[in-house]
Amino acid sequence: MRMSKLFSQTLRDAPGDAEVVSHKLLVRAGFIRQLAAGIFSYLPLARRTMTKIENIMREEMDAIGGQEVTMPVVHSADIWKETGRWYQIGSEMGRFFDKNGRDMVLAMTHEEVVADLVRKEIQSYRQLPAMIYHIQTKWRDDPRPRAGLIRVREFTMKDSYSLDADWEGLDKQYRAHYQAYFNIFNRCGVPAVAVGSDVGMMGGSMAHEYMYLTPIGEDTLLLCDHCGYTANRQIAEFQKPSAAAEDALPLEKIATPDTKTIEDLANFLNIPTAKTAKAVFMVATITEGTEDVEKFVFAVVRGDMDVNETKLANAVKAKALRPAHDEEIVAIGAEPGYGSPIGVKNALIVVDDAIPESPNLVAGANETGFHYLNVNYGRDYRADVVADIAVAGDGDACPRCGKPMYTSRGVEIGNIFKLGTRYTDALGATFLDKDGKEKPVIMGSYGIGVGRLLACVAEEHNDEHGLILPITIAPYQVHLVNLSKKSNAAEEIYADLQAAGVEVLFDDRDGSPGVKFNDADLIGLPLRITVGDRALKKGGVELKRRDSRDSEIIPLTEIVSAVQAKIAEMTAEIMETVVEVPFKE
RNA sequence: CGGGAUGUGGCGCAGUCCGGUAGCGCGCUUCGUUCGGGACGAAGAGGCCCCCGGUUCGAAUCCGGGCAUCCCGACCA
């Protein structure tokens, strides 16, 4: 490709509203342009890179038995109504009417379509296991797109769906994806860690998220370097510091003026926060049958911990949780700031599993300015649910090995779910097993966002001058910069490289050297050839890796083979990172 | 959905407080000079100042109402 003909332009200044480095560089280098919030055009350089990323995905999916299909972006709403997600999902789903007034859906994912295909195509256990995938546009009307391609509303996703006759088969395909996903990320030059994650509204029994660790990430992860435990904070467990065993003392009400927070209370009584019980008031939306009802949730954790809303929502099987209003708190007989599970009515009481082990806590008295001493679970009150509802944080003890964990932020670049039969049950996607019995097909679903992965590549591989793209996914392998006016050596090299199958971006523009070098650094192709009179005098041209300062002079006759050798070398460097990763639950 | 900010040629910004019909840098076009890390000179092109309404002799500027974009939070199948 001649740069004089390249559709996109580079920009000296990043748009004022770009904050993260991947966004700035991808815009400046001419990869992407924004149309609206979370909606982008992908210009030729991005398109070529995404095609390469997609081809890596195809190779890895095909290698584990995947068959590529293309499913529609526009769905009739019927199948979404059948699985209930038409009703469950809110404004994030794109809905419209066709000309006949029928409800239509813009695809946010494809479980429904897959299950519909399965009920039409799969009749027999002989057709299983199977796995289909596609690389297709998704629309999710996210309330808050951000950070360039990190979080968008319209995006391309590689999503695959495993279909099995039994749970062992699902486990096998799940594990195959587990490794294939690491291969994809490594081949794209993005280091990823797999963490256990919440299954959320997807349902199912197991899920992993692949995270690229970066401060700009939106998820918080708990990591243990000692034993390798990793988990999204939403579900991360930890060993809770145990309380000293004591005999239960008599309940006693005392005046504690102006102690609305746990810190105030602990200071006032001169006790550690671990000797107090913290009350958190939430309202949960819980589906009962076909109805959504709101229930007041009174959550109790020890004063030295905080509530994890995801764990709490899972403990009460809530679809949504929100903080309770003061009036609602008073209505159940509690008092904001002085809440106690003793004597409240019409509330679902959920206590953290550390509470029954912790005797003689100080808890509110449901009366402003008063607390109870020596509150004991079981004797003084009982809960509807006892579960782990506390959030893990920096320094908390690893649930596996007990060593301190630390937190990190991460961007979710992929996820894998064991779905089970939720969708196949709903759509009646069944097969006949060996015994002639009808059974639902068991599904898994697996997704990677292509654009988000590109953003993470840019986030990971750059310097102050621009992008430094991995050879495996760079739009072109070589940036050929011509500085010489007299010689036509560059034209010849361009022709020779193309004839040899090397992908070249040829800067044939009539510009100054500085502009060309800066553009080359900004776009970040892995190799740069500089054709200038300086090296031509010595009978050669310069060859330089973008990720290195040093260049070497290669004789004109050897440049093609030298480039091919460098490409092989850089490809080998990437492939060294593609290794088997032990499966961790 | 809460909180904050911004909207002025393709990009980055000034002008808005204090009203008088728009300016700078980059980029773009033409000519000349230059040519190894974002050159120089000369001459040009390009703007419904986000939209609608109001105040005023007169609005980019003041007032009201929208919309859009970004950031923080809530949310995220």
Side-chain angles (χ1 to χ4, degrees), chain A residues 8-20 23-24 27-30 33-39 80 83-94 105-112 138-148 150-153 155 157 159 197-204 207 209 216 218-219 232 234 282 285 309-310 313 319-323 411-412 415 417 419 422-423 445 447 449 452 464-466 481-486 507 509-522 528 530-537 541-542 544 549 551 553:
Chain A
S8 57
Q9 270 195 308
T10 56
L11 301 178
R12 288 204 189 191
D13 299 306
D17 53 20
E19 296 236 326
V20 304
H23 187 194
K24 288 182 186 174
V27 172
R28 283 191 56 212
R33 295 290 183 253
Q34 184 168 343
L35 177 66
I39 305 178
W80 289 83
T83 62
R85 289 210 281 189
W86 171 264
Y87 309 101
Q88 287 168 8
I89 297 170
S91 58
E92 213 183 332
M93 179 185 277
V105 169
L106 289 175
M108 31 188 345
T109 177
H110 282 79
E111 282 79 16
E112 277 77 3
K138 306 282 185 270
W139 171 259
R140 296 180 188 182
D141 200 351
D142 202 293
R144 193 158 106 72
R146 62 175 284 272
I150 295 289
R151 189 161 144 179
V152 293
R153 296 193 293 168
F155 58 100
M157 178 180 242
D159 40 328
S197 74
D198 183 38
V199 294
M201 292 301 285
M202 290 289 273
E209 291 171 341
I216 67 160
E218 306 183 89
D219 290 274
N232 194 309
Q234 292 179 329
M282 306 291 288
T285 306
E309 289 188 20
T310 305
K319 185 172 145 182
L321 269 186
R322 64 168 173 84
V411 172
E412 183 184 345
N415 57 41
F417 279 94
L419 286 182
R422 171 166 176 197
Y423 298 96
S445 90
R452 184 180 279 185
E464 68 271 30
H465 301 295
V481 176
N482 185 32
L483 300 182
S484 175
K485 297 282 190 229
K486 309 166 204 161
D507 195 343
R509 297 174 302 175
D510 182 21
S512 71
V515 170
K516 295 182 180 184
F517 287 138
N518 279 297
D519 275 350
D521 285 347
L522 179 59
R528 187 181 84 194
T530 307
V531 180
D533 294 332
R534 203 189 270 178
L536 283 173
K537 270 182 202 149
V541 293
E542 283 162 54
K544 178 183 170 297
R549 279 188 177 184
S551 64
I553 295 183

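Values below: all heavy atoms of this structure, side chains included; hydrogens, waters and symmetry mates excluded. None of the values given here were measured: they were computed from a predicted structure.
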Query raised in the report: Mind checking the C1' distance from B:G37 to B:G41? Whole angstroms is fine.
Result: 23 Å
**Report entry** Touch class at under 4.0 angstrom, heavy-atom based, for A:Glu309 against every strand present
**Finding:** sugar-phosphate
Query raised in the report: Base, sugar-phosphate alone, or nothing: which one does A:Arg151 contact when heavy atoms must sit under 4.0 Å apart?
Result: base
Query raised in the report: Taking the C1' atom of each, how far is B:G47 from B:A39, in whole Å?
Result: 29 Å
Report task. Answer yes or no: side-chain N or O of A:Asp533 and base N or O of B:G36 forming a donor-acceptor pair under 3.5 Å. Result -> no
Report task. Indicate yes or no: at least one non-hydrogen side-chain atom of A:Arg509 is less than 4.5 angstrom from one of A:Asp519. Result -> yes
Query raised in the report: Is the shortest side-chain N to carboxylate O distance from A:Arg85 to A:Glu111 below 4.0 Å?
Result: yes
Report task. With P as the reference atom in both, quote the distance from B:A68 to B:C51 in angstrom, rounded to an integer. Result -> 15 Å
Report task. Both distances under 3.5 Å, Watson-Crick or G-U wobble: report the partner of B:U69, or none. Result -> B:A5
**Report entry** Nucleotide nearest A:Arg528 when distance is taken to its side chain, options B:U69, B:G36, B:G37
**Finding:** B:G37
Report task. Could you tell me whether the side chain of A:Phe517 reaches within less than 4.5 Å of the side chain of A:His465, counting heavy atoms only? Result -> no
**Report entry** Side chains of A:Ile39 and A:Trp139 in contact at under 4.5 Å (non-hydrogen atoms)
**Finding:** yes
Query - Partner nucleotide, any strand, of B:C17 [Watson-Crick/G-U, under 3.5 Å] - result: none
Report task. Please identify each residue that fulfils salt bridge (charged side-chain N to carboxylate O under 4.0 Å, His left out) with A:Lys138, with sequence neighbours left out. Result -> A:Asp159
Report task. Sticking with atom P, work out how far B:A14 lies from B:G7, rounded to a whole angstrom. Result -> 7 Å
Query raised in the report: For B:C70, does OP1 or OP2 lie under 4.0 Å from any side-chain N or O of A:Gln34?
Result: yes
Requested in this report: At under 4.0 Å between heavy atoms, which parts of nucleotides 1-9 of chain B does protein reach? Answer with one letter per nucleotide, 5' to 3': B base, S sugar-phosphate only, - none.
Outcome: ---------
Query raised in the report: Does B:C26 pair with anything, Watson-Crick or G-U wobble, both distances under 3.5 Å, and if so, with which nucleotide?
Result: B:G10
Requested in this report: Drop me the distance from A:Arg146's CZ to A:Ile216's CD1, to the nearest 0.5 angstrom.
Outcome: 6.5 Å
Requested in this report: Indicate yes or no for a side-chain donor-acceptor contact from A:Lys516 to the backbone of A:Thr530 under 3.5 Å, with no hydrogens or angles considered.
Outcome: no
Query raised in the report: Mind checking what makes salt bridge (charged side-chain N to carboxylate O under 4.0 Å, His left out) contact with A:Asp533, not counting sequence neighbours?
Result: A:Lys486
Query - Annotated protein contacts, base or backbone, on nucleotides 44-51 of chain B with a non-hydrogen cut-off under 4.0 Å, one of B, S, - each - result: --------
Report summary line: pair_partner(B:G38), Watson-Crick or wobble, both distances < 3.5 Å, evaluates to none
Report task. Remember a base hit wins even if backbone is also touched, and classify A:Ala520 as base, sugar-phosphate or nothing at under 4.0 Å, heavy atoms. Result -> nothing
Report task. May I ask you to verify whether the side chain of A:Arg33 and the base of B:C11 hold a donor-acceptor pair under 3.5 Å? Result -> no
Report summary line: In 5'-to-3' order, the base (B), backbone-only (S) or no-contact (-) status of each nucleotide in nucleotides 22-34 of chain B, using a 4.0 angstrom heavy-atom cut-off, is ---BSS-------
Query raised in the report: Considering Watson-Crick and G-U wobble pairs with both distances under 3.5 Å, what does B:C62 pair with?
Result: B:G54
Requested in this report: Provide the distance between the two C1' atoms, one in B:U55 and one in B:G10, to the nearest whole Å.
Outcome: 36 Å
Report summary line: To the nearest angstrom, the CG-P distance between A:Leu11 and B:C13 comes to 12 Å
Query raised in the report: Checking all strands, does A:Ala18 fall into the base, sugar-phosphate, or nothing category for heavy-atom contacts under 4.0 angstrom?
Result: nothing
Query raised in the report: Among the nucleotides B:G38, B:C75, B:G36, which one has an atom lying closest to any side-chain atom of A:Pro513?
Result: B:G36
Report task. Let me know the distance between NZ of A:Lys516 and C1' of B:C35, rounded to the nearest Å. Result -> 9 Å
**Report entry** Partners passing side chain to side chain contact (heavy atoms under 4.5 Å, CB included) against A:Arg534 (at least two apart in sequence or in another chain)
**Finding:** none
Requested in this report: Give A:Gly532 one of three labels, base, sugar-phosphate or nothing, depending on what nucleic acid heavy atoms sit under 4.0 Å from its own.
Outcome: base
**Report entry** Residue met sooner reading RNA chain B from 5', once A:Leu536 and A:Asp17 are mapped to nucleotides
**Finding:** A:Leu536
Query raised in the report: Hey, is the main chain of A:Thr10 close enough, under 3.5 Å, to the side chain of A:Arg28 for a donor-acceptor pair?
Result: no
**Report entry** Rounded distance in Å between the P positions of B:A43 and B:U61
**Finding:** 33 Å
Query raised in the report: Within the distance-only criterion (no hydrogens, no angle test), does the side chain of A:Arg452 pair as donor or acceptor with the backbone N or O of A:Ile150 below 3.5 angstrom?
Result: yes
Query raised in the report: Where the side chain of A:Pro15 is defined as all heavy atoms beyond and including C-beta, which of B:C11, B:G36, B:U69 is the nearest nucleotide?
Result: B:C11
**Report entry** For B:A45, the Watson-Crick or wobble partner whose two distances fall under 3.5 Å
**Finding:** none
Requested in this report: Please state how far atom CD in A:Glu542 lies from atom P in B:G37, giving the value in whole angstrom units.
Outcome: 11 Å
Query - Residue A:Lys485 excluded, over 12 heavy atoms near NZ under 6.0 Å - result: yes
Query raised in the report: Given the P atoms of B:U6 and B:G23, what is the spacing between them in whole Å?
Result: 25 Å
Report summary line: From CD of A:Gln88 across to C1' of B:C76 the rounded distance in Å is 15 Å
Requested in this report: Taking the side chain as every heavy atom from C-beta outward, state whether A:Arg33 and A:Val27 have any pair of such atoms under 4.5 Å apart.
Outcome: yes
Query - Sidechain N-carboxylate O distance under 4.0 Å for A:Arg153, A:Asp141 - result: yes
Requested in this report: Please work out if A:Glu218 contacts a base, only the sugar-phosphate, or nothing of the nucleic acid, heavy-atom cut-off 4.0 Å.
Outcome: nothing
Query raised in the report: Rounded to the Å, how far apart are A:Arg146 CZ and B:A74 P?
Result: 12 Å
Query raised in the report: Is any side-chain N or O of A:Arg28 under 3.5 Å from a base N or O of B:G38, one able to act as donor and the other as acceptor?
Result: yes
Report task. In sequence, state the C-alpha distance, the side-chain angles, and the governing distance for A:Ser484 and A:Leu536, and then conclude on side-chain contact (heavy atoms from CB on, under 4.5 Å). Result -> CA-CA 9 Å; A:Ser484 175; A:Leu536 283 173; 4.0 Å; yes
Query raised in the report: Roughly how many Å is it from CD1 in A:Ile39 to P in B:C70, rounded to a whole number?
Result: 10 Å
Query - A:Ile216 CD1 to B:C70 P, straight-line distance once rounded to whole Å - result: 15 Å
Report summary line: Walking RNA chain B from its 5' end, the first of A:Met157 and A:Glu19 to be reached, judged by nearest nucleotide, is A:Glu19
